[in-house]
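As a basis for the values below, the full set of heavy atoms in this structure was taken, side chains included, without hydrogen atoms, waters or symmetry mates.
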Amino acid sequence: MTQQRILIIDDDPDIVTTVKANLELDGFTVLSATDGALGLAAVHANAPDLVLLDLGLPDIDGIKVCQTLRRDSEVPVIMLSARDTVADKLLGLECGADDYLVKPFNALELSARIRTVLRRIRRSETATAQRNGNIILDYRSHEATIQGRQARLTRTEFSLLELFVAHPGETLTRDFIQSQNWGDSKLYSHSRAVDVHVQRLRKKIEESPQVPRFILTVAGVGYRFEPNP
């Protein structure tokens with residue numbers, strides 16, 4: 001079995017050395033880049049399975065790097081940062097990151113987060129397509145077709161929509177959404193993190209995200225998916 005490749009984009013040599021050593025012990029192939037420009041080039045040249053992205057890079061900050069990646073790549077991104085406020089974490093998610101880990105972090109926790117993201121990807125690749133009402137999910141292209149309109153989704157957005165499609169008409173609590181898509185990630189104990197991902201998904205599948213028809217808010221509880229609005 002081919003080893004999965006992790007790209008670390010971080011200018012701190014101590015962190016790179018430590019993370020690289022631990023992930024290699026876990027069976028990953030690890031690449032590294034010391035700034036945003038080199039990191040973007042490494043993504044295109046090496047097609048890693050996952051990117052660990054430092055928020056405070058010396059040339060292009062991690063937010064802009066992630067936004068650039070999201071314009072033409074679905075590679076999952078875990079943001080690494082010493083900034084630990086809720087606002088910082090939500091900003092990282094809003095730019096397209098799949099997860100956010102605060103420095104200093106435990107090597108076992110980082111490995112667990114990586115495996116959770118990669119496991120979610122493998123799960124979505126075991127099928128080819130699924131249809132529910134007006135929405136068709138294509139597992140090969142990670143595209144959703146909504147009433148004839150195509151929406152290209154990130155892996156996290158696709159996984160979230162897949163969860164909704166599997167539970168039509170049911171009210172899903174934020175805790176349930178978090179447990180199904182992100183496991184025990186401490187970041188998602190704050191419900192706004194789930195809300196950010198839902199908002200991003202709505203922008204791609206709803207004609208009017210401010211007045212959603214497919215993913216409805218259930219006040220004080222969570223969300224309900226209506227496949228035939």
Side-chain angles (χ1 to χ4, degrees), residues 43-44 47-51 66-79 90-100 116-183 185 187-188 191-218 221-229:
V43 169
H44 292 296
D49 295 287
L50 184 141
V51 173
C66 192
Q67 290 171 332
T68 301
L69 283 175
R70 282 293 165 258
R71 286 199 288 268
D72 59 6
S73 173
E74 296 177 7
V75 62
V77 175
I78 296 179
M79 193 78 76
L90 295 179
L91 179 61
L93 296 178
E94 286 169 349
C95 78
D98 296 271
D99 205 346
Y100 188 109
T116 295
V117 172
L118 294 177
R119 185 166 57 247
R120 190 168 69 237
I121 292 169
R122 287 195 298 271
R123 185 183 68 211
S124 70
E125 290 176 345
T126 58
T128 55
Q130 180 179 358
R131 178 169 191 155
N132 193 322
N134 292 310
I135 292 184
I136 302 172
L137 301 180
D138 187 323
Y139 289 89
R140 290 166 297 187
S141 65
H142 281 83
E143 287 185 344
T145 302
I146 303 96
Q147 295 180 322
R149 295 180 294 106
Q150 286 191 324
R152 190 162 184 82
L153 308 176
T154 67
R155 293 186 186 276
T156 297
E157 292 160 354
F158 190 90
S159 180
L160 182 56
L161 181 56
E162 180 187 11
L163 179 65
F164 282 125
V165 167
H167 296 84
E170 298 180 33
T171 295
L172 305 185
T173 67
R174 290 177 174 84
D175 286 344
F176 178 77
I177 295 170
Q178 172 263 312
S179 67
Q180 294 298 302
N181 270 14
W182 296 283
S185 172
L187 169 60
Y188 292 90
S191 64
R192 271 288 292 148
V194 172
D195 294 340
V196 167
H197 282 300
V198 170
Q199 290 166 10
R200 282 170 46 195
L201 178 58
R202 278 174 169 168
K203 289 179 181 178
K204 294 188 177 181
I205 72 168
E206 302 278 5
E207 290 185 1
S208 176
Q210 291 74 32
V211 188
R213 298 171 60 198
F214 291 102
I215 302 175
L216 308 180
T217 300
V218 180
V221 181
Y223 298 94
R224 185 177 73 251
F225 172 67
E226 296 294 345
N228 297 292

**OP:** Name all residues meeting the salt bridge (charged side-chain N to carboxylate O under 4.0 Å, His left out) criterion together with Arg202; count only those two or more places apart in sequence or in a different chain, and write none if there are none.
**Re:** none
Subject >> Ile215 vs Ile205 side-chain heavy atoms within contact, under 4.5 Å >> reply: yes
**OP:** Enter the distance from Leu153:CG to Leu160:CG here, rounded to the nearest 0.5 Å.
**Re:** 9.5 Å
Original post:
Partners of Glu170 by salt bridge (charged side-chain N to carboxylate O under 4.0 Å, His left out), sequence neighbours excluded?
Top reply: none
Subject >> For Arg70, salt bridge (charged side-chain N to carboxylate O under 4.0 Å, His left out) partners two or more places apart >> reply: Asp98
**OP:** Hey, could you give me the CZ/NZ distance between Arg200 and Lys204, rounded to the nearest 0.5 Å?
**Re:** 7.0 Å
**OP:** Rounded to the nearest 0.5 Å, what's the gap from CD on Glu226 to CD1 on Ile135? Could you check?
**Re:** 11.0 Å
Original post:
Heavy-atom distance under 4.5 Å between the side chains of Asp72 and His44, does that happen here?
Top reply: yes
Subject >> Listed partners of Leu163 passing side-chain contact (heavy atoms from CB on, under 4.5 Å), at least two apart >> reply: His167, Leu172, Phe176, Ile177, Gln180, Asn181
Original post:
Does the Glu206 side chain pair with the main chain of Arg213, one donor and one acceptor, at a distance under 3.5 Å?
Top reply: yes
Subject >> side chain to side chain donor-acceptor pair (under 3.5 Å) involving Arg152 - partner list, sequence neighbours excluded >> reply: Glu74
Subject >> Interatomic spacing from CG in Leu216 to CZ in Phe225 - rounded to 0.5 Å >> reply: 9.5 Å
**OP:** Kindly write out the residues that satisfy side-chain contact (heavy atoms from CB on, under 4.5 Å) with Leu91, not counting sequence neighbours, or none if the list is empty.
**Re:** Ile63, Glu94
